[in-house]
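Throughout, a chain's letter reflects where its sequence line sits, starting with A, and its residues are numbered from 1.
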Amino acid sequence: MRAGKQSLADGRLGEALGHFNAALKLKPRYDIAWIARGQVLKLQGEFEEALGSFAEALVLKPENEEAWIALAGVLHRMKRYREEVEAYDQVLRLNPKNVEALINKGAALHVLRKYDDAERCYALVLAARPEYAPAWNNRGAALLRRGKVDDALASFERATRLDPNLFDAHVNRVFAWQRRGKHGHAVIAADRALSLKQPPWLWTLKGLSHLALLESSLAARSFERALELDPKQKQAREGLRKAKELRKRVDLYRGPYECFGTFESGDPGCGECEIQARCVEVTR
Amino acid sequence: MTLPSAAEVEHADWPSLKTFATGLGLNPKGRSGLVRQRVLDHLRTQPRGPEWRAGKAEQAALLTRIGSAELAASLWESTISLDAPAPWVGLGTAYAKAGRIEEALKCYDRAIGMGDAGARLHKANALMRAGRSDAAAAEVETTLAANPGNVRAWAVRAVIAEAGGDPQRIHDSHAKIAELGGARLGLAKMLMRAGRYEEADRALADHLMDHADDAVAWNQRGVCLVKRGLWREAVDALKKAAALRPKDAGILNNLAVALASSDRTDEALKRLAAARRIAEDPRILLNQAALLERTGARPEAREAISRVVHIAPEHPEAVEAWDRLAPGRAAPRMPRKELVAPPKKKSTRKTPKARRTKARSSKSPAKKRKVSRPAAPRTRKR
């Protein structure tokens, strides 16, 4: 078992599997060895076999929370979300305060479009751990799906305050601001997310917001960057075409004003702004 | 620029916020919330500056103070430069601490040559240690001629005068320190020593105007007032001192004397009992015995005197009081020291047995799955 653990830690999956199989030959009713074997198989992408391993562990020790969570994880990878929820229910029957099970169950319910149930799970998590940023993000996502954009934004805000590097929360803020038609804020959120990771679809999202702000050059640059990262992005290609067309008519320039399109009357920064008139024009 | 704290940035007004952003090389333009966020992000991502570490000079100063004089001297030597007198002063002090006075004097001379006025006072101290008080006094006078307002020089002058036993010079020095706005306590002490209690009281009153919580000064003032026969005022002053330092046996004793002199014997006895609980000083015990004798409690007075005789058998006042209170009785003596060490007790503790620990069963190597799974409603596939 020790050799298997070491091999697994070093990333030598084949070797680790061999060690765990050897352990199980010596002691077939060793539940921890079955779980370890399942983890290796899951990492190797052998989900069916991993599922079998975890099931063996649970036959030997049905009250093993770790085995149930591992089983649910494989079911998630296999997109068997209903069964995943059932597995988490088993964990929660054993330990109703298991935060990991609660948040993962919420995520599975979200995929199943049961947003109310998901929100209840997150509420339980947040009652136990109010400082847990991913739970705030997931709660916001559920609220956004239910059309409660303001509450969702407040949740994302909380998540990013607690963990300023939570990429998902920044991306969700982009969606929420775009849903409200506040493209200036959407661009700011997209920039913050892009400072952490640069997936091509996020450049496309940013480009769409620039288009809405009549910033054709910046929009074109964003779409070009998206296509550079993934040339198959249809939405980016279409966006680039629109941006080029728009440039013939209008192309606003924001200069050093990162907050372009977020005018707030009475704010001292907005009071001093040199492009205030244009900012007011595009801020909805 | 020193980084502002996150709290400072959170609560900064617009002009301060712009100053922070500009100072950090960030864009100060835009909506205030965004500029604030920009500065906060910078603070979060910016690595902290290098931590302060003691340099050779700081290490040498520390070593000089804690007593490793030779080691400090070698460190000071490594910090010496052509234009800085401070390392020479440091080296001189290290040599003086190591007892190498001649070398210390040479170092101070180098520092004086570089224009360091303070080095003369160090030199004066070193000369005093070498027993050359005249030369020390001359150095101090030279310093004072150049800067008559140098309080430290006046203080060194007072110390030298005290060592030479020149009361006028001591008085002049302390009077000058007081005039320059320095401490008046030294002047008061000197005046008390000279028996000039009224002037001492005035000096102490001035001192206490600025230092109302100085228990020593209140005590001194109480003593001054006792000497002047102003019992009630003395009691007030000493009560203030006792309130500031309730565990000071000397203050309690003085207070008891003042109380006894104003015919408040019971209170005085209580204070003396409290003082005795803190320290069994012969002075306190003698006062207690005298007061008890005055109230007619002879056995208790005898007990207090027996303690004095026990502690200080040669004390003349104690011997006289013992003869008066217990005529014909032998004074109690200290037990003679045992020359042979008493046999050691056999240890009743058993030899500790080695504990055996149970081997733990190892846990699964499987790592927990990361729980922050994105549940965001995105346009992309999972």
Taking side chain as everything from C-beta outward and backbone as N, CA, C, O, which of these in [X] sits under 4.5 Å from a heavy atom of chain B? Side chain, backbone, both or neither.
X        : value
A:Ile275 : neither
A:Arg161 : side chain
A:Arg192 : side chain

Sequence neighbours excluded, the answer for side-chain hydrogen bond (donor to acceptor under 3.5 Å, both in side chains) partners of A:Tyr257 is none

Which atom pair, heavy atoms only, marks the closest approach of A:Gly269 to B:Trp14?
-> CA-CZ2, 3.5 Å

Closest heavy-atom contact between A:Asp267 and B:Ser32?
-> OD2-OG, 2.6 Å

Derivation of the side-chain contact (heavy atoms from CB on, under 4.5 Å) call for A:Asn165 and B:Arg44 | CA-CA 10 Å; A:Asn165 292 333; B:Arg44 196 164 46 79; 3.2 Å; yes

Could you pull out all donor-acceptor pairs under 3.5 Å where a side-chain atom in residues 65-74 of chain B meets a protein atom, sequence neighbours excluded?
from, atom 1, to, atom 2, distance (Å)
B:Glu70, OE1, B:Arg100, NH1, 2.7
B:Glu70, OE2, B:Arg100, NH1, 3.2
B:Ser74, OG, B:Leu71, O, 2.7

Cut-off 4.5 Å, heavy atoms of chain A, and the answer for B:Asp41 is side chain

Quick one: of A:Gly140, A:Pro256, A:Ala16, A:Cys270, who has the most non-hydrogen atom pairs under 4.5 Å with chain B?
-> A:Pro256

Charged N to carboxylate O under 4.0 angstrom, B:Arg38 versus A:Glu258?
-> yes

Under 4.0 Å between a Lys/Arg side-chain N and an Asp/Glu carboxylate O for B:Lys29 and A:Glu272?
-> no

Donor-acceptor under 3.5 Å (B:Arg31 side chain, A:Thr262 main chain) | yes

